[in-house]
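Following: one structure in structure tokens, then a few remarks.
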Amino acid sequence: MSAPEFIVLNGSIIPYEEATTHVMSPAVKYGLSVFEGLRAYWSDEREDLFVFRLQDHTDRLLQSMKLLRFAHDFDGAEINRVTIELLRRNRVKAAAHIRTTAYLDGKGEQQVKGPVSYSISAIEKPRAARTDKGIRCQVSSWMRMADNVMPPRIKCGGNYVNGRLARYQAIQDGYDEAIILNTLGKVAEGPGTCIFLVRRGELITPDLASGILESITRDTALRLARARGIAVAERMVDRTELYAADEVFMVGSAAELVPVVDIDGITIGSGSPGPVTKLLQEAYFAAVTGAIDVPADWLTPVYKSER
Ligand SMILES: Cc1ncc(COP(=O)(O)O)c(C=O)c1O
């Protein structure tokens with residue numbers, strides 16, 4: 001995919017190739033960055049692009065910076081405004097992925113609070129084929145780091161070292177993706193997704209204290225399920241519950257809602273995406289373009305106010 005024309009650096013829209021930082025920044029030296037990955041969706045019916053749950057992503061970015069003690073001089077309103085401006089400048093009119101990164105710039109050491117810079121990129125990114133056919137997963141031998149080690153609740157660059165180790169191993173071993181257990185040996189999440197299972201008609205997902213990111217797509221899936229009368233439980237999940245499940249799927253802003261059809265060589269349910277997975281997938285794909293009623297603040301129109 002070719003690079004977009006423009007990118008945001010510290011509130012300014014500049015040519016993509018000009019967004020650089022110094023190799024001695026704490027971001028490069030120590031991985032001191034926080035980020036968000038979100039999507040925007042084009043609606044033919046409404047002839048507009050919608051950023052999905054923009055405010056929730058911005059709030060989480062602010063929370064990540066707060067927990068890492070970043071002292072920033074920009075606010076959430078600026079992030080929201082410039083995200084929309086960037087999508088307009090790049091004339092994005094198709095499914096897109098947006099990445100917002102705030103990082104410790106300058107040349108300081110681990111304990112500095114600033115200066116904090118931020119970038120926002122937006123590239124067109126169509127839906128992956130794996131959302132149709134599903135994926136095969138490996139329960140990783142790598143453990144999810146605990147809240148008192150490197151809190152998974154903070155969406156920081158450094159945490160993705162754990163995800164990389166697990167994903168790399170899974171792919172090398174012939175799987176598509178990893179499922180990571182927490183330090184108690186209970187199911188946590190994937191390297192970039194949360195996980196759900198369906199068993200005896202109930203939709204189950206690890207609770208927020210299981211060593212997971214406070215995922216926005218997890219919240220969306222839970223709300224869509226409850227609205228459709230599906231019983232849901234947020235609780236600790238055993239590894240063997242995954243193998244015994246009728247259906248398993250993973251969720252994330254980038255991944256969307258991906259069926260899991262095999263774990264460690266054990267076929268999940270019938271081996272193809274199950275009815276609850278399909279129902280929620282359909283609901284999710286409709287929600288993100290406003291084809292069904294969703295809370296007004298879930299969809300931020302990009303071009304409407306331009307007309
Ligand atoms: C580790 C991890 N878990 C879960 C998720 C899903 O979170 P969200 O639905 O907010 O994108 C992500 C993606 O950002 C992630 O990186």
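We count ligands from 1, going down the list as the structure has it; atoms in each ligand are counted the same way. All heavy atoms count here, side chains included; hydrogens, waters and symmetry mates do not.
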Distances only, to 0.1 Å: what are the N or O pairs between ligand 1 and the protein that fall under 3.5 Å?
unit_1, atom_1, unit_2, atom_2, d
ligand 1, 3 (N), Glu189, OE1, 2.7
ligand 1, 7 (O), Ser215, OG, 3.3
ligand 1, 9 (O), Ser215, OG, 2.7
ligand 1, 9 (O), Ile216, N, 3.3
ligand 1, 9 (O), Thr217, N, 2.8
ligand 1, 9 (O), Thr217, OG1, 2.5
ligand 1, 10 (O), Arg60, NH1, 2.7
ligand 1, 10 (O), Arg60, NH2, 3.0
ligand 1, 10 (O), Ile216, N, 2.8
ligand 1, 11 (O), Ser253, N, 2.9
ligand 1, 11 (O), Ser253, OG, 2.7
ligand 1, 14 (O), Lys155, NZ, 2.6
ligand 1, 16 (O), Lys155, NZ, 3.2
ligand 1, 16 (O), Tyr160, OH, 2.4

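- Salt-bridge annotation for Asp176 and Lys133: absent, with no side-chain N of the basic residue lying under 4.0 Å from a carboxylate O of the acidic one.
- Salt bridge annotation for Asp56-Arg60: absent, with no cationic side-chain nitrogen under 4.0 angstrom from a carboxylate oxygen.
- Using a 4.0 Å cut-off between a side-chain N of Lys or Arg and a carboxylate O of Asp or Glu, Glu256 and Arg127 qualify as a salt bridge.
- Residues Tyr41, Phe50, Phe52, Phe196, Val198, Leu203, Leu222, Leu224, Ile230, Val232, Phe249, Val251, Leu257, Val276, Leu279, Leu280, Tyr284, Phe285, Val288, Ile292, Trp298, Leu299 make up the rest of the hydrophobic cluster containing Val294, defined by ILVMFWY side-chain heavy atoms closer than 4.5 Å, directly or through other members.
- In this structure, Lys155 is not positioned above the aromatic face of Tyr160 in the sense of NZ or CZ being under 6.0 Å from the six-membered ring centre and within 45° of the axis.
- In summary, Glu282 and Lys278 do not engage in a salt bridge, as defined by a charged side-chain N under 4.0 Å from a carboxylate O.
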